[in-house]
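These notes concern the structure reproduced below.
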Amino acid sequence: MQLLVLPGDGIGPEITAATLVTLCAASERFGLGLEIREDIVGHESLRRYGTTVRSEVLAAARAADGLLLGPASTFDFRDEAKGEINPSMFFRKNLDLFANIRPARTYDGFPGRAGTFDLVVVRENTEGFYADRNMAAGNGEILVTPDVAISLRRITRACCNRVARVAFELAARRRYRLTIVHKANVLKVGDGMFIEECRAVGREFAAVAVDDVIVDAMMAHVVRTPQRFDVIVTTNMFGDILSDLTAELSGSLGLGGSLNAGGDHAMAQAAHGSAPDIAGKNVANPFSLTLSAALLLAWHGRRRQIKPFETAAAAIEKAVAAAIAAHEVTPDIGGELGTRETGAALATRLARM
Ligand code: ATP
């Protein structure tokens with residue numbers, strides 16, 4: 001498997017280095033033959049090349065079997081004319097990574113904030129309120145006068161349908177339950193269409209039980225009883241917000257693994273941002289990116305029918321669970337290890353499995 005690695009900004013280089021140590025151990029242990037190529041995006045690329053993402057990097061991402069993207073300082077990148085492109089948006093849009101899969105579960109050894117649970121948020125990734133990707137040309141936000149702004153939200157049947165299919169397929173590999181999260185009481189047309197398409201796809205998955213919940217009520221339900229959920233499918237912005245909540249409920253944002261998947265490409269990317277407040281301190285939790293990388297290995301294994309990749313992915317998840325139970329972790333989840341030491345300990349554990 002050829003993997004393109006882009007460490008990004010803030011804590012990105014630290015959590016990427018720790019993740020690569022684990023991936024190399026997994027490659028050795030399970031005979032994956034991982035070939036890793038590194039390049040740069042974000043601030044370092046802007047300094048060196050005048051753009052946060054070069055076209056050569058996109059070509060390399062297209063040629064690779066998978067992409068590992070560290071967090072980037074998206075808030076700093078405002079003006080595309082100055083080369084300030086949001087790398088996360090750039091790859092999601094250009095590689096058509098339409099489904100963002102964000103699991104959240106609790107672990108023995110570090111109690112979650114709402115009891116034991118295991119769920120997955122499947123978020124539409126290419127349209128909705130995301131003004132930087134929902135138009136063919138231009139931007140979905142318009143400043144009508146200095147005091148009047150309009151933000152456009154795009155919803156299409158095709159995008160609803162394809163993300164719903166990913167969610168139902170996932171539910172059919174898990175506990176056969178799917179919850180549609182929406183705001184169709186207010187966004188009657190757009191979210192009405194989202195529900196319609198989800199229900200239409202659901203008719204092909206008779207074994208999956210489906211319900212739907214309004215997004216504001218969902219915040220209460222997921223805090224009160226996250227155990228009742230298995231797979232949750234929702235539109236772009238609701239999914240972004242909801243999945244930060246579910247990651248934090250599971251213990252820490254630093255446990256939030258995430259895969260951006262399309263038809264032909266996939267990108268592992270932690271659910272959180274570049275966390276500048278803790279960058280360079282060797283305290284960031286690398287498990288978010290490590291678990292994202294495991295999702296990428298599993299995706300590759302399923303798609304190419306190469307069993308050792310799925311075995312390696314399951315082993316990484318098991319090793320993370322065992323490390324948490326043994327408190328071989330970073331301070332955000334109750335440990336005393338640094339980012340580097342957490343990665344090294346996980347790699348050692350994996351090599352022994
Ligand atoms: P950005 O602007 O890039 O999104 P941010 O700091 O606004 O960065 P996050 O990076 O998502 O947003 O961080 C939110 C909070 O969660 C911060 O307090 C941060 O320190 C913490 N956090 C995020 N990722 C991790 C991690 N991997 N390990 C530990 N804490 C984390």
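These figures come from a predicted structure and were not determined experimentally. Just follow the structure's listing: the first ligand is 1, and inside any ligand the first atom is 1.
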Distance filter under 4.0 Å to Pro276 heavy atoms, resulting ligand 1 atoms: 6 (O), 8 (O)
Proximity of Pro71 to ligand 1 by residue part, where a heavy atom lies under 4.0 Å: neither
Nearest-option assignment for atom 26 (C) of ligand 1, heavy atoms, candidates Asp332, Asn285, Asp277, Leu253: Asn285
Atom 2 (O) of ligand 1 [closest protein heavy-atom partner, distance rounded to 0.1 Å]: Phe75 CB, 4.4 Å
Short N-O contact, Asp76 and Arg78, less than 4.0 angstrom: no
The one among Leu255, Ile15, Ile278 that brings a heavy atom closest to atom 31 (C) of ligand 1: Ile278
Ligand 1 atoms in contact with Ala284 (distance to a heavy atom under 4.0 Å): 28 (N)
Salt bridge present between Lys93 and Asp132 (N-O < 4.0 angstrom): no
From Glu14, Lys281, Glu248, His272 - option closest to atom 23 (C) of ligand 1 by heavy atom: His272
Electrostatic pair Lys281:Glu14 at N-O distance under 4.0 angstrom: no
Ala72 neighbourhood, listing ligand 1 atoms whose heavy-atom distance to it stays under 4.0 Å: 3 (O)
Ring geometry between Phe309 and His300 (parallel below 30°, tilted from 30 to 60°, perpendicular above 60°): perpendicular
pair Arg37-Val5: side-chain heavy atoms closer than 4.5 Å: no
For ligand 1, the portion of Val283 having any non-hydrogen atom under 4.0 Å away: neither
Under-4.0 Å protein heavy-atom contact, atom 21 (C) of ligand 1: no
Carboxylate-amine/guanidinium proximity below 4.0 Å for Glu196 and Arg157: yes
Element-labelled atoms of ligand 1 that are located less than 4.0 Å from some non-hydrogen atom of Ala275: 6 (O), 8 (O), 10 (O), 19 (C), 20 (O), 23 (C)
Atom 28 (N) of ligand 1 touched by protein heavy atom at under 4.0 Å: yes
Within 45° cone and under 6.0 Å: Arg105 NZ/CZ vs Tyr107 ring: yes
Protein heavy atom at shortest distance from atom 9 (P) of ligand 1: Gly273 N, 3.5 Å
For atom 3 (O) of ligand 1, the option (of Pro286, Ser252, Ser274) bearing the nearest heavy atom: Ser274
Arg123 to Tyr130, cation-pi by 6.0 Å centre distance and 45° axis angle: yes
Carboxylate-amine/guanidinium proximity below 4.0 Å for Asp118 and Arg174: yes
